[in-house]
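Report on one structure; see the data block that follows.
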Amino acid sequence: MSKFYINTSIPYANGAPHIGHAIEFVYADVLARFARQSGATDVVFATGTDEHGSKIAEKALEQKITPQELVDKNSQAFKDLLKQLNISNNRFIRTTDKGHEERSQIIWKNISKDIYKNKYMGLYCVGCEEFVTETFAKEHNYICPNHNRPYDKIEEENYFFSLSKYTEQIKEAINSGSFKIIPDTKKNEIVSLLNEGLEDISISRPVDKLAWGIAVPGDKTQVMYVWFEALMNYITVLGYPEHEDFKKYWPADVQVIGKDIIRFHAAIWPGILLALGLELPAILYVHGFVNVDGQKMSKSLGNGVEPHEIIDTYGADAFRYYLMRHIPSYNDGDFTWDKFEAAYNNELANELGNAVSRVVAMVEKYQDGIVGEIPESEHDTFQYRDAITHCRFDRALDEVWEQVRGINQYIDTEKPWAIAKEGDAEHLREVLAYAVSCLLEIAEMLEPFMPETAIKIQNCFKEGLVAPLEHSLFPKKEA
RNA sequence: UGCGGGGUAGAGCAGUGGCAGCUCGUGUGGCUCAUAACCACAAGGUCGCAGGUUCGAGUCCUGCCCCCGCGACCA
């Protein structure tokens, strides 16, 4: 029937995955699962790792291994995380894949009309081995604050991409909504950047300064700037230019990225696509950062929380739930163990888990486990669906929880235990069957967010019979 | 300094002109099917500050204060 193509950004493989990577995977997974549930039959959900560049070269040197060994190790760690989180991606691209390297060289050639060679003049500190901006240097009187020595003026020859000429087209695509940036606050940031006009960008490095990259076609002295080539993964993974998947799936329906890389995805990447004569993605969803204990995650602060620590204790679904409901979908959020445990105990164990278990218990106790005919649920799910369409995952779950609470209220109002005492079996059956239908509807809405939980709930009430849970859905943990 | 975002109950947030709301936490009451869970009610806010527009302002305008991003050839 219909196709759906979604990407996450591809994490830079210079270290281990953290919560920030986890949330991005889950965002995309919710959208992919929701698309499948809504009737998309052909879904490509791609993620991967970005593996070239100076940071990786340096890190490898530090650890006395080759860059390839380093990225092999780190890329695997991201694959492991995807599995732990139950992410339903069906592609995983590495920028060191041969296919990607060859295809990005084809892309380079195909946009060569917009590529020119130019001298780059920069202020360089030998101590830092780094270029600094004019403004930064000026602030420090042209003396490196780290090494207390004057910056050298260094001239380097690079290739440049004529990004500036695409400013208007990109602006037009954003303003017309054909390239939609969610949320609006992020869209506004980009529009104001575009209003100032984009500058051409350097897209290569001399190979004698940095060898760990993809060769520029026809010039052995240069490799592609890592970002330039990494962005191309979104079409090389589909087999640009000749593969039928590319023709079928491009443009992307959604690209999911973090707020730190918005410029690359809302300015440079559209520029590349326009130069190639390709359509822009339909939606760019920009999520915020996950802080830990109110502070930016940082190794030096030692406040990092490893995703697997959470998953090992509480399961993937609980973690997915926390990320999707308690990290604001349009903003930065905070992970703390206190908040996570509160959400787990109150919302998952007490409200949802207990709702399932009290319904199961009553059907067993009063009706020998027989539910009978289950009515169609008639709740209006428009708000829920609308929220997901707009990437308001937090609100979508609020909607689901309205119904979870609704069940608990319904049970308290109807008092099935009292009906049982009165002996009105048919009325009792209707009340419990209705509660079951609500739970099944909740399970369906939960599927994109908590796939395992959804299945567990559905398995309880298959075929009009109750299949008792071996364990509680969310066993309560002592704090 | 330039651009952008934000400052609403103890905490986290919603609310773009019409009696200040939600969740958690707190207190009181109810229920007993259930994971000591669930349900109801209540307390708690001079909506950053100062002016202005308006019959009426978290909501619009002006000025100011504070916090956070971006303005990097670090991905």
Please table the atom pairs, donor to acceptor, closer than 3.5 Å between any side-chain atom in residues 352-368 of chain A and protein atoms at least two apart or in another chain.
residue	atom	partner	partner atom	Å
A:R358	NH1	A:N408	OD1	2.8
A:R358	NH2	A:D412	OD1	3.1
A:Q367	OE1	A:R429	N	3.3
A:Q367	NE2	A:I370	O	2.8

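- Minimum atom distance to the side chain of A:S357 is reached by B:rA34, of the listed B:rU23, B:rA34, B:rC31.
- Ring-centre distance between A:Y285 and A:Y27: below the 6.0 Å cut-off.
- A 3.5 Å limit on both hydrogen-bonding distances identifies B:rC55 as the Watson-Crick or G-U partner of B:rG18.
- Relative to the ring axis of A:Y322, A:K339 does not place its NZ or CZ within 45° and under 6.0 Å from the centre.
- Nearest nucleotide to the side chain of A:N354, out of B:rC38, B:rG5, B:rU32: B:rC38.
- Taking atom C1' in both B:rC39 and B:rU54, the straight-line distance is 44 Å, to the nearest Å.
- Shown here, B:rG69 forms a base pair with B:rC3; the pair counts as Watson-Crick or G-U wobble because both key distances fall under 3.5 Å.
- The same atom, P, is picked in B:rA42 and in B:rU23; the two are 13 Å apart, to the nearest Å.
- In this structure, A:I261 and A:L473 both approach RNA chain B, and ranking their closest nucleotides by distance from the 5' end singles out A:L473.
- For the pair A:K476 NZ and B:rC38 P, the interatomic distance rounds to 7 Å; values are reported in whole Å.
- Comparing B:rG4 with B:rU53, their C1' atoms sit 27 Å apart, to the nearest whole Å.
- Side-chain proximity of A:K339 to the nucleotides B:rG12, B:rC39, B:rC3 is greatest for B:rG12.
- No engagement by A:L193 is indicated, since no non-hydrogen atom pair under 4.0 Å with the nucleic acid exists.
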Below 3.5 Å is the cut-off: list the nitrogen or oxygen pairs between protein and nucleotides 25-30 of chain B, distance only.
residue	atom	partner	partner atom	Å
B:rG25	OP1	A:N346	ND2	3.4

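- Remark: A:R205 is not positioned above the aromatic ring of A:Y225, lacking an NZ or CZ atom under 6.0 angstrom from the ring centre and at most 45 degrees off the axis.
- Looking only at atom types and distance, the side chain of A:H326 has a donor-acceptor partner in the side chain of A:E347 under 3.5 Å away.
- For the C1' atoms, the distance from B:rG6 to B:rA14 is 15 Å, rounded to whole Å.
- Taking the six-membered ring wherever Trp is involved, the centroid distance between the rings of A:F161 and A:Y116 does not fall below 6.0 Å.
- When heavy atoms are screened at a 4.0 angstrom cut-off, A:A349 is found touching base atoms of the nucleic acid.
- Taking A:E189 as the reference, nothing meets the side-chain hydrogen bond (donor to acceptor under 3.5 Å, both in side chains) condition, with sequence neighbours excluded.
- In this structure, A:N350 and A:K421 both approach RNA chain B, and ranking their closest nucleotides by distance from the 5' end singles out A:K421.
- Using a 4.0 Å heavy-atom criterion, one finds that A:R392 contacts no nucleic acid atom at all.
- For the P atom pair drawn from B:rA43 and B:rU28, the interatomic distance equals 15 Å after rounding to whole Å.
- If you check B:rA9 for Watson-Crick or wobble pairing at under 3.5 angstrom, you find it has no partner at all.
- Here B:rG27 is in the anti range [glycosidic angle more than 90° from 0].
- Here A:R395 does not reach the OP1 or OP2 of B:rA14: none of its side-chain N or O atoms lies under 4.0 Å away.
- Closest approach of A:N7 and A:A252 over heavy atoms only: OD1-CB, 3.9 Å.
- Side-chain atoms of A:R405 lie closest to B:rU23 of the nucleotides B:rU32, B:rA34, B:rU23.
- Contact annotation: A:Q409 side-chain N/O to B:rA40 OP1/OP2 distance is under 4.0 Å.
- Looking at heavy-atom distances under 4.0 Å, A:Y366 makes contact with sugar-phosphate atoms alone, never a base.
- For the P atoms, the distance from B:rC74 to B:rU16 is 41 Å, rounded to whole Å.
- Regarding A:Y322, its OH atom lies at a distance of 12 Å from the P atom of B:rG12, rounded to whole Å.
- Side-chain atoms of A:S192 lie closest to B:rC3 of the nucleotides B:rC3, B:rC74, B:rG5.
- Base pairing of B:rU26 is made with B:rA42, judged by Watson-Crick or G-U wobble geometry with both donor-acceptor distances under 3.5 Å.
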Kindly indicate, with the supporting measurements, whether the criterion ring pair (Phe, Tyr, Trp, His ring centres under 6.0 Å) is fulfilled by A:Y321 and A:F449.
-> CA-CA 6 Å; A:Y321 170 80; A:F449 296 89; 8.7 Å; no
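- Spacing between B:rG10 and B:rG52 at atom P, rounded to whole Å, works out to 29 Å.
- In this structure, of B:rG71, B:rA34, B:rU23, it is B:rA34 that holds the atom nearest to the side chain of A:K365.
- Note on A:T413: nothing from the nucleic acid sits closer than 4.0 angstrom, heavy atoms only.
- One atom, CZ of A:F340, and another, P of B:rC24, lie 17 Å apart when rounded to the nearest Å.
- Atom name P, nucleotides B:rG45 and B:rA20: the rounded distance is 14 Å, in whole Å.
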